[in-house]
Protein chains: 2
Amino acid sequence: MSNPNTIDRILDVAEALFAEKGFTETSLRTITSKAGVNLAAVNYHFGSKTQLVHAVFARTLTPFCDALEKRLIANVRDGDEAFSVEELFEMLVETAVEVHGGDTGRFSTFMQLLGLAYTQVQSHLRTFLGERYGSVFQRFVVHLKMAAPDLPPQELFWRIHFSLGAAVFTLSSYDTLKGIMNNDYNMNITLAGTVKRLVPFMSAGIRAEVPAKVD
Amino acid sequence: MSNPNTIDRILDVAEALFAEKGFTETSLRTITSKAGVNLAAVNYHFGSKTQLVHAVFARTLTPFCDALEKRLIANVRDGDEAFSVEELFEMLVETAVEVHGGDTGRFSTFMQLLGLAYTQVQSHLRTFLGERYGSVFQRFVVHLKMAAPDLPPQELFWRIHFSLGAAVFTLSSYDTLKGIMNNDYNMNITLAGTVKRLVPFMSAGIRAEVPAKVD
DNA sequence: GTTTGTTTTAAACATACGTTTAGGTCCAGT
DNA sequence: ACTGGACCTAAACGTATGTTTAAAACAAAC
């Protein structure tokens with residue numbers, strides 16, 4: 001680790017370890033020893049392990065959501081025509097890549113963390129993320145609604161979560177899948193390529209024919 | 001709990017708690033006290049917590065995979081025409097429901113566990129599942145390949161994982177989503193309805209136009 | 001009724017965890 | 001040079017975890 005700042009050193013290591021092993025499975029002792037700082041540093045600088053988790057998310061999620069919101073608002077203000085489904089999904093990708101300065105390693109880690117945020121049942125995390133970033137998400141949903149006006153709202157709701165699932169699930173286990181791809185198909189895969197494949201899949205799913213009433 | 005058998009009581013409670021909280025977050029003391037058995041019972045009957053986790057998965061995954069394999073083999077043996085993508089996905093659903101005797105509660109729990117199996121980074125679990133049930137999965141992939149013969153193999157590989165992600169992700173956080181749906185849309189959702197919505201989404205995604213070469 | 005093997009029990013063990021403490025170090029402001 | 005505040009450090013605290021032990025309870029076989 002090259003960063004001399006204790007706080008950033010902790011955040012860097014914690015981010016990587018959380019993404020790799022999960023929150024409960026990563027101890028403060030592992031984080032601090034790997035970061036080369038004292039055990040008590042986490043509690044001193046962040047207050048608790050819980051708040052460290054929040055800080056890790058906030059560090060990349062805040063600039064990401066800010067950038068995304070800016071893009072969405074700009075479009076409305078300038079009176080441009082509505083985005084297509086593809087454009088909206090690509091906007092997510094571009095914004096995420098942009099925020100990480102093209103560093104695909106950290107982008108991948110970020111996606112893994114997002115996956116954990118949903119799948120690890122840490123209620124404090126869901127609350128934190130909802131309160132902090134819920135409004136941007138809702139703004140995005142509004143744009144999706146305009147992109148697929150014929151889709152009943154509840155159908156759209158589900159398909160957004162299906163898409164989210166496909167993305168989060170795939171990218172959060174990206175390293176494993178990359179390995180399988182290498183062994184079984186003798187193919188070398190890139191994160192950018194995977195994401196490029198993801199967009200048409202999700203878009204087609206969003207646009208799929210609405211089945212007969214089921215509930 | 002009505003079951004007098006210690007082993008089954010443990011499995012029942014462990015299954016529910018693992019699905020609800022995750023593996024690391026669920027202690028043996030919580031499991032055994034809730035099951036009304038002695039703490040040492042887990043180590044006596046299963047050997048270790050790790051092996052208990054395996055046993056929980058094996059209990060429903062083994063009959064599920066056996067039933068699925070039977071269906072797939074029967075089709076080939078009888079020389080029936082190949083399954084469509086939709087039929088294959090629906091077969092998964094039907095088999096899963098069938099194995100749980102229509103008990104949607106346990107079906108839901110089962111899906112949550114599958115989600116955990118992928119997202120919780122317990123390497124022993126992935127190894128266990130791969131060795132034990134990998135062959136059935138590969139057989140299923142073969143059928144999917146026949147259902148979408150124009151799709152390049154690596155493209156199919158990714159789209160299967162996208163679909164898997166959509167399903168696992170959605171169904172593993174099903175209870176949460178159901179709650180949101182109830183609050184925000186004033187809609188009462190069923191597991192069967194969600195699954196019925198999932199199939200066309202995944203099928204459309206599998207069949208989506210192949211993008212230009214990206215890697 | 002005794003014996004044999006299985007199952008259950010309460011207690012202890014060793015370890016790992018998050019957190020707190022009290023004292024030290026360092027450096028800018030005066 | 002001194003002081004105040006921010007930062008760091010080593011050690012300890014209390015608690016929770018998975019696992020093991022040795023004895024007790026039980027049930028079936030003879």
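Each chain gets a letter, A, B and so on, in the order its sequence line appears, and its residues count up from 1.
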Integer-rounded Å distance: D:dC7 P and A:R9 CZ: 15 Å

Interatomic distance where CZ belongs to B:F46 and P belongs to D:dG18 [whole Å]: 15 Å

Polar atoms only, N or O, under 3.5 Å: list the protein pairs with nucleotides 23-26 of chain C and their distances.
none

Can you tell me which residue pairs pass the salt bridge (charged side-chain N to carboxylate O under 4.0 Å, His left out) test with a partner in residues 43-56 of chain B, sequence neighbours excluded? none

For residues 57-70 of chain A, run the donor-acceptor check on the side chains, cut-off 3.5 Å, and write out each pair with its distance to 0.1 Å, sequence neighbours left out.
{"unit_1": "A:R59", "atom_1": "NH1", "unit_2": "A:D12", "atom_2": "OD1", "d": "3.1"}
{"unit_1": "A:R59", "atom_1": "NH2", "unit_2": "A:D12", "atom_2": "OD1", "d": "3.0"}
{"unit_1": "A:T62", "atom_1": "OG1", "unit_2": "A:A58", "atom_2": "O", "d": "3.0"}
{"unit_1": "A:T62", "atom_1": "OG1", "unit_2": "A:Y133", "atom_2": "OH", "d": "2.7"}
{"unit_1": "A:E69", "atom_1": "OE2", "unit_2": "A:R139", "atom_2": "NE", "d": "3.4"}
{"unit_1": "A:E69", "atom_1": "OE2", "unit_2": "A:R139", "atom_2": "NH2", "d": "3.3"}

Pairwise N/O distances under 3.5 Å, protein to nucleotides 16-21 of chain C:
{"unit_1": "C:dC17", "atom_1": "OP1", "unit_2": "A:S27", "atom_2": "OG", "d": "3.4"}
{"unit_1": "C:dG18", "atom_1": "OP1", "unit_2": "A:K49", "atom_2": "NZ", "d": "2.7"}
{"unit_1": "C:dG18", "atom_1": "OP2", "unit_2": "A:L28", "atom_2": "N", "d": "2.9"}
{"unit_1": "C:dG18", "atom_1": "N7", "unit_2": "A:R29", "atom_2": "NH1", "d": "2.7"}
{"unit_1": "C:dG18", "atom_1": "O6", "unit_2": "A:R29", "atom_2": "NH2", "d": "2.8"}
{"unit_1": "C:dT19", "atom_1": "OP2", "unit_2": "A:N43", "atom_2": "OD1", "d": "3.3"}
{"unit_1": "C:dT19", "atom_1": "OP2", "unit_2": "A:K49", "atom_2": "N", "d": "2.9"}

State which residues pass salt bridge (Lys or Arg N to Asp or Glu O under 4.0 Å) with [X]; sequence neighbours excluded, sorted by chain then number.
{"X": "A:E86", "result": "A:R207"}
{"X": "B:R106", "result": "B:E15"}
{"X": "A:E98", "result": "A:R71"}

What residues form a side chain to side chain donor-acceptor pair (under 3.5 Å) with B:H54, not counting sequence neighbours? B:H124

Quick one: side chain to side chain donor-acceptor pair (under 3.5 Å) partners of A:S48, sequence neighbours excluded? A:Q51

Once ring pair (Phe, Tyr, Trp, His ring centres under 6.0 Å) is applied, do any residues pair with A:F83, and if so which ones, sequence neighbours excluded? A:H143

Does a nitrogen or oxygen in the side chain of A:T6 sit under 4.0 Å from OP1 or OP2 of D:dC8? yes

Reckon B:H45 has a side-chain N or O less than 4.0 Å from the OP1 or OP2 of C:dT6? no

Provide the closest heavy-atom pair for A:F201 versus B:I206 in the form atom of the first, atom of the second, distance. CE1-N, 3.7 Å

Detail all sub-3.5 Å separations between protein N/O atoms and N/O atoms belonging to nucleotides 23-28 of chain D.
none

Hits for side chain to side chain contact (heavy atoms under 4.5 Å, CB included) against B:T26, two or more places apart or cross-chain, chain-then-number order -> B:L17, B:F18, B:K21, B:I31

